[in-house]
Amino acid sequence: MTILYINACVRENSRTEILAQHLIKKLQKPVQQINLGQIALLPFNLELLQKRNALIKAGALDDPMFSYAHQFANASEIVIAAPMWDLSFPALLKTFIEHINVGGIVFKYSGEGKIVPLCKAKTLYYVTTMGGHHQTDFGFGYIKALCHTLYGIKDVRLIKAEGLNIIGNDVPAILEEAKAQINTMF
Ligand SMILES: Cc1cc2nc3c(=O)[nH]c(=O)nc-3n(C[C@H](O)[C@H](O)[C@H](O)COP(=O)(O)O)c2cc1C
């Protein structure tokens with residue numbers, strides 16, 4: 001039982017990271033971290049896409065290019081930590097998603113062309129913080145849609161702290177409130 005921690009927090013002293021670490025402590029299981037700021041995955045240009053397509057066509061799903069996809073598919077629980085950037089999340093995370101969404105690893109198609117999810121995780125936690133307040137979080141909404149449509153992860157939980165950049169707000173108190181929200185989950 002290993003938690004896969006996908007860390008898309010870019011800033012030093014990231015508030016999102018503080019909340020994710022609190023959650024991980026509560027989960028009390030070994031953690032494998034993928035720090036997206038450090039692994040420097042490239043977005044798919046033509047060359048990379050052609051390489052990927054050729055590997056898939058050859059059935060070479062054990063190629064190192066797909067190692068993150070296997071790691072994601074095999075994790076028993078997943079924590080994603082991503083601050084809100086431009087109503088969504090940092091592009092580092094979108095690039096990671098493009099790398100892991102490989103047919104035959106995280107999902108496959110049935111004979112009738114239907115998506116069959118292949119991920120083992122029961123729960124995915126999405127931890128985020130934001131400077132203001134928003135009705136819609138396209139970042140979480142997108143991750144939730146992927147979990148339900150492609151990955152087969154039904155239990156998708158949101159942990160968030162809002163209004164961290166609003167002058168006059170008590171940031172430590174807001175973070176403590178989010179930690180208390182995490183505590184109620186266990
Ligand atoms: C590039 C960038 C884009 C941002 N876009 C938004 C936004 O759309 N809405 C918002 O409320 N805050 C936005 N913020 C503020 C961050 O969401 C907020 O400061 C958050 O707490 C940062 O998390 P961190 O401390 O983990 O880095 C943005 C910050 C950055 C650096």
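When a ligand or atom number is given, it counts from 1 through the structure's own listing order. Basis for what follows: all heavy atoms, side chains included, without hydrogens, waters or symmetry-related copies.
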So which protein heavy atom does [atom] come closest to, and at what separation?
atom	value
atom 8 (O) of ligand 1	L87 N, 2.9 Å
atom 1 (C) of ligand 1	W85 CD2, 3.7 Å
atom 5 (N) of ligand 1	D86 N, 2.8 Å
atom 16 (C) of ligand 1	M84 O, 3.5 Å

What atoms of ligand 1 come within less than 4.0 Å of a heavy atom belonging to [X]?
X	result
R11	24 (P), 25 (O), 27 (O)
N165	15 (C), 18 (C), 19 (O)
H134	9 (N), 10 (C), 11 (O)

Notebook entry, point to check: Between the main-chain N or O of S88 and the side-chain N or O of D86, is there a donor-acceptor pair closer than 3.5 Å?
Noted result: no
Checklist line | Electrostatic pair E77-K122, nearest N-O below 4.0 angstrom | finding: no
Next item on the list: With atom 21 (O) of ligand 1 as the reference point, say which of T129, T128, V10 has the nearest heavy atom.
Entry: T129
Next item on the list: Would you indicate which of G132, G131, A8 comes nearest to atom 18 (C) of ligand 1 when only heavy atoms are counted?
Entry: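 Nearest option to atom 18 (C) of ligand 1, by heavy atoms: G131.
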Check: Is there side-chain contact between N7 and N35, with heavy atoms separated by less than 4.5 Å?
Finding: yes
Note to self: Would you say that D137 contacts K160 through its side chain, given a criterion of any heavy-atom pair below 4.5 Å between the two side chains?
What the structure shows: no
Note to self: Check this for me: K179, atom NZ, are more than 12 non-hydrogen atoms of other residues, nucleotides or ligands nearer than 6.0 Å?
What the structure shows: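 Yes, because the 6.0 Å sphere around NZ of K179 holds more than 12 heavy atoms from other groups.
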Geometry only, no angles: is [X] polar-contacting ligand 1 at N/O separations under 3.5 Å?
X	answer
C9	no
H133	no
L164	no
T16	yes

Ring centre gap for [X] and [Y] strictly below 6.0 Å:
X	Y	result
Y109	F107	yes
F72	Y151	yes
H99	F66	no

Note to self: Show, in sequence, the C-alpha distance, side-chain angles and deciding distance for L27 and V79, and conclude whether the side chain to side chain contact (heavy atoms under 4.5 Å, CB included) test is met.
What the structure shows: CA-CA 10 Å; L27 288 170; V79 174; 3.8 Å; yes
